[in-house]
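Here is the structure we will look at, set down as structure tokens.
Sequence lines set the chain letters: A, B, ... in the order given, protein chains first and strands last, and positions in each chain run from 1.
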Amino acid sequence: MEINAEGICYRDLNRMIRQAVSMGEQSIVLRNINGQRYIGNGIDSKIKLVVKGTPGQDMAAFMKGPEIDVEGNAQDGIGNTMDDGKIIVRGMAGDIIGYGMRGGEIYVSGDVGYRVGIHMKSSDEKNPVIVIGGKAGDFLGEYMAGGMIILLGMLSRTDKNVPLAGNFLGTGMHGGAIYTRGPVDKHSLGRGLGIREVSGQDFDIIMPYLEEFGRQFGVDVSVMLESNFYCIYPTTHRPYGNMYAY
Amino acid sequence: MFNLKRTNHKPWDYRKDISGCGLSGLINTNGKRVSGEVITRSIRTQHDRGNGLGGGFAAYGIYPDFKDHYAVHVMCDSKTALNNFESFLKEVTVIDQQERIPTRASTTIRNAPLLMRYFVKPDLEADNPLFDKGMSEDDFMVRMVMKINLDVPGAFVFSSGRNMGAFKGVGYPEDIADFFRLDEYEGYIWTAHNRFPTNTPGWWGGAHPFTILDWSIVHNGEISSYGINKRYLEMFGYHCTLLTDTEVVAYLLDLLIRRHGLPIEIACLALAPPFWNEVNRMEPERKKLCEAIRMVYASALLNGPFAVLFAFNGGLVGLNDRIKLRPLIAAESGETVYMASEESAIREICPDPDKVWMPKAGEPVVVKLNKTE
């Protein structure tokens, strides 16, 4: 089904979506979206949403199952505490993408803002993944406790001299891993982190997500692999364990 | 002071929305003017970023018939306050035109103060009690505005620049725009603010923008360094009377850029300087500059989270705090540049911009008006 969201308040829009889902609708195309918040929040079935336009803050928060395909740029806070499902953004995305994310996958073709993947976590059953085709702002993976961020830097719209990842990369990170295509500056790394070149087993881990990224945005995996990948990982579970202990 | 209980807030109809203030601004770099209806549509898209306790606009190029006069907008809480204000203004300026600021009857904007505007030129005669020999007109106007806001009870000047004006009050910005009939004005720069007051009261004077001369500022965030900034400004004759942190930014811009003559980029370096560990990695010349700015202007540093848009007759600037704790996005379409808290606010009035980008923390987006001559 299709919903023309032009001029519709987010409360009404989300009520319409939830109602359609409860009636068994499997696929909804949302046209003329502009700034409506909370799209797809808390929906726990495997439906598909296509968002045409610019969705508002906190899209797909607490989402558990749906696939959301955004034909446009996404704003801040998408995938907040997301539990399961998939988000595909065919453009840029703003700050705090995947905040506290605990499952599912987010693919962004272009650049992302600040604090992406902050507080991401994993469990025995779930391992959330964020794949970024462009570059990232400061604090990528801040306080990260689990899951995986893959930063490609291939489809960025920024100038060449803008670094792949900003400063304070992985600050407070104590679990999970950040994979970068190409090296990052040592000074931009947070405390208590190690970095190693990716080889062998590591590739087995990231390959399915690279392939999915390639499928979604038409990038050849062999082109992705023309550069070396690096893995940033925590060397301790308590990077600031002694901070207040004198 | 206005009665702060007289607001639109209805506690019995309160549904919580997670909010922060909302900003939007645009500049036509060739000085072509657009109706206030445009910026109103943009800020309305961000309705849920505010809570109805403050909305406001700054507009540039709106008074072409009086472009060499200072346009003084004042709000007064009583007829007495207005009379006191007026007799003082008559004493120190030449008033060439005065009128009520036109408003529309509104069901949402209530308890408005008396709103007047005056097109004036400073009366720089020897018997002017506020005038010192050798003082510029701008310096005089700043002193006058400070004097009124400090010493005339119940009267607040909220706009004092040439060929520009601020319009603000308690309400959602789209309602404030309707109230002030902004669709009837045309400007080449517009900024708009949707307020969600957190630390200070939601009253008419506390709505954004804050202005002095033609500087205007709209802000999302909080200036944690308010106390330091305020005391620093007092040494230069600026007095903060509007009970809101953002006020210091307007006066800092006037001090740093107009009075000290700093280029805009350098002034921004003082407001949002790079961290010392970044400074230590810089080329020697840049390092020396950044060290000097941090030492000389330590008290002008704005601490805390912020995204601000500031404007003046010559341009529009967007600036974030150093770690981007508040959102800001920019776009360009032909000769117009847009900046807002959310991209949707830009897309609402410019569906298909040539370029959209996320400004970096602490790095100003400076858009200057092309010289007309």
Straight-line distance of [X] [atom1] to [Y] [atom2], nearest 0.5 Å:
X	Y	atom1	atom2	result
A:Q36	B:D48	CD	CG	10.0 Å
A:R37	B:S344	CZ	OG	9.0 Å
B:F275	A:N167	CZ	CG	9.0 Å
B:E348	A:T54	CD	OG1	10.0 Å
A:R115	B:K324	CZ	NZ	10.0 Å
B:R326	A:D95	CZ	CG	11.0 Å

Within residues 279-292 of chain B, which residues come under 4.5 Å of chain A, heavy atom to heavy atom?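 The stretch touches chain A at B:R281.
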Are more than 12 heavy atoms, taken from residues, nucleotides or ligands other than [X], located less than 6.0 Å from that residue's [atom1] atom?
X	atom1	value
A:R191	CZ	no
A:Y143	OH	no
A:Y230	OH	yes

So, the side chain of [X] versus the backbone of [Y]: is there a donor-acceptor pair under 3.5 Å, distance only?
X	Y	result
A:D138	B:I323	no
A:Y114	B:A361	yes
A:R157	B:K355	no

With a strict 4.5 Å heavy-atom criterion, list every residue of residues 71-88 of chain A that contacts chain B, or say none.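 A:N73, A:Q75, A:D76 fall under the 4.5 Å cut-off.
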Chain A heavy atoms under 4.5 Å from B:K360: which part of the residue, side chain, backbone, both or neither?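 Contact with chain A involves both backbone and side-chain atoms of B:K360.
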Considering only heavy atoms and a distance below 4.5 Å, find which of B:E278, B:R347, B:E342 pairs most often with chain A.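 Top option by heavy-atom pairs under 4.5 Å: B:E342.
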Taking side-chain hydrogen bond (donor to acceptor under 3.5 Å, both in side chains) as the cut-off, I'd like each qualifying pair that reaches into residues 328-338 of chain B, sequence neighbours left out, listed once.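 Non-adjacent pairs meeting side-chain hydrogen bond (donor to acceptor under 3.5 Å, both in side chains): B:N28-B:E335, B:N30-B:E335, B:K32-B:E335.
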Can you list the residues that meet the ring pair (Phe, Tyr, Trp, His ring centres under 6.0 Å) rule with A:F139, with sequence neighbours excluded?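 Result, ring pair (Phe, Tyr, Trp, His ring centres under 6.0 Å) vs A:F139: A:F168.
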